[in-house]
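The sequence lines fix the lettering, A, B, ..., with proteins before strands; numbering per chain opens at 1.
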Amino acid sequence: MKLPVSQKKALALLYRLYRLYPHAHCALNYRTPFQLLVATILSAQCTDKRVNKVTESLFEKYPDPQALACADLPTLELDIRSTGFYRNKATNLVLCGQRLLERHGGQVPTSLEELVRLPGVGRKTANVVLGNAFGIPGMVVDTHVKRLARRFGWTVNETPEKIEQDLCLLLPREHWVQSAHLLIWHGRELCKAPVPLCSCCPLQEDCPRVGVVRAR
DNA sequence: ATCCCGAGGG
DNA sequence: CCCTCTGGAT
């Protein structure tokens, strides 16, 4: 098992990100696991702001899986329309509510395997729920983190699974959830897809992406 | 016009 | 692997 960088180096890089984004870990702030699950499903391909705009009234209307399970689909679609992909998300939410009732006694499951089996919940959403609702460490590798991977020494086409495993080995378990947020945040704010804002980046020293022009 | 803090399906 | 599904931000 060869790791791309030393643990010391990885921690140093993470610490710089922590200084840069002191509030990155507060992005998702919901009361119950159920609410967090719903909010996270809604947040696919959409920013937190747009989700937050919808959730307050949404949770009044659908406070629990029971209410979701028997929601009127067209109404629910209207309620979440501004988060994008609303047709998929609405049907998935209803199916989710039904499945939570039928198989989990109305509770949000606490294992990755069970969470991923919920309609509309993939690896990313499942890990976010595990970390934020139950404090169970999980590493989230999304498109942003994959892009950052080069900074941490992985090759361009490394698989997400390998990156995830390595990150878990490199970083202390108690920092996994926060580190994941920091990495995602950095990928979105500075190390952006087409044009990274390297001049403001605290990690630009030795970074292979510095000076990279749009690759297409 | 173009890009998203993804998931599901072919 | 590829494609589709959406509105909103920029």
What does A:Val121 touch in the nucleic acid at a heavy-atom separation under 4.0 angstrom: a base, only the sugar-phosphate, or nothing? sugar-phosphate

Heavy atoms under 4.0 Å, any strand shown: does A:Thr125 hit a base, just sugar-phosphate, or nothing? sugar-phosphate

If hydrophobic clusters are built from ILVMFWY residues whose side chains come within less than 4.5 Å, do A:Leu148 and A:Leu169 share one? yes

Only pairs at least two apart or in different chains count here, so list each salt bridge (charged side-chain N to carboxylate O under 4.0 Å, His left out) that has a residue in [range].
range: residues 92-116 of chain A; result: none
range: residues 73-98 of chain A; result: A:Lys61-A:Asp79
range: residues 173-191 of chain A; result: none

Indicate yes or no for a side-chain donor-acceptor contact from A:Arg147 to the backbone of A:Gly187 under 3.5 Å, with no hydrogens or angles considered. yes

Please answer whether the main-chain N or O of A:Cys198 pairs with a side-chain N or O of A:Gln204 as donor and acceptor at a distance below 3.5 Å. yes

Name all residues meeting the salt bridge (charged side-chain N to carboxylate O under 4.0 Å, His left out) criterion together with A:Glu164; count only those two or more places apart in sequence or in a different chain, and write none if there are none. A:Arg123

Any residue of residues 87-103 of chain A with a heavy atom less than 4.0 Å from an atom of DNA chain C: A:Arg87, A:Asn88

5' precedence on DNA chain C between A:Lys49 and A:Cys46 (nearest-nucleotide basis): A:Cys46

What's the [atom1]-[atom2] distance between [X] and [N], to the nearest Å?
X: A:Tyr21; N: B:dC5; atom1: OH; atom2: P; answer: 13 Å
X: A:Tyr86; N: B:dG6; atom1: OH; atom2: C1'; answer: 18 Å
X: A:Leu148; N: B:dC5; atom1: CG; atom2: P; answer: 12 Å
X: A:Ile41; N: B:dC5; atom1: CD1; atom2: P; answer: 18 Å
X: A:Asn127; N: B:dG6; atom1: CG; atom2: C1'; answer: 13 Å
X: A:Arg117; N: B:dG8; atom1: CZ; atom2: P; answer: 13 Å
X: A:Arg147; N: B:dC4; atom1: CZ; atom2: P; answer: 6 Å
X: A:Phe85; N: B:dC5; atom1: CZ; atom2: C1'; answer: 13 Å

To the closest 0.5 Å, what do you measure between NZ (A:Lys9) and CG (A:Leu11)? 12.5 Å

For the OG1 atom of A:Thr125 and the CG atom of A:Leu42, what is their distance to the nearest 0.5 Å? 10.0 Å

Nucleotide range of DNA chain C lying under 4.0 Å from chain A heavy atoms: C:dC5 to C:dG8

Do any side-chain nitrogens or oxygens of A:Gln45 fall under 4.0 Å of OP1 or OP2 in B:dC4? no

Look at the side-chain N and O atoms of A:Thr143 and state whether any lies under 4.0 Å from the OP1 or OP2 oxygen of B:dG6. yes

Note: for A:Leu118 and A:His144 on DNA chain B, the residue whose nearest nucleotide lies more 5' is A:His144

5'-most by nearest nucleotide on DNA chain B - A:Arg188 or A:Val116: A:Arg188

For a 4.5 angstrom cut-off between non-hydrogen side-chain atoms, does A:Leu37 reach A:Val121? yes

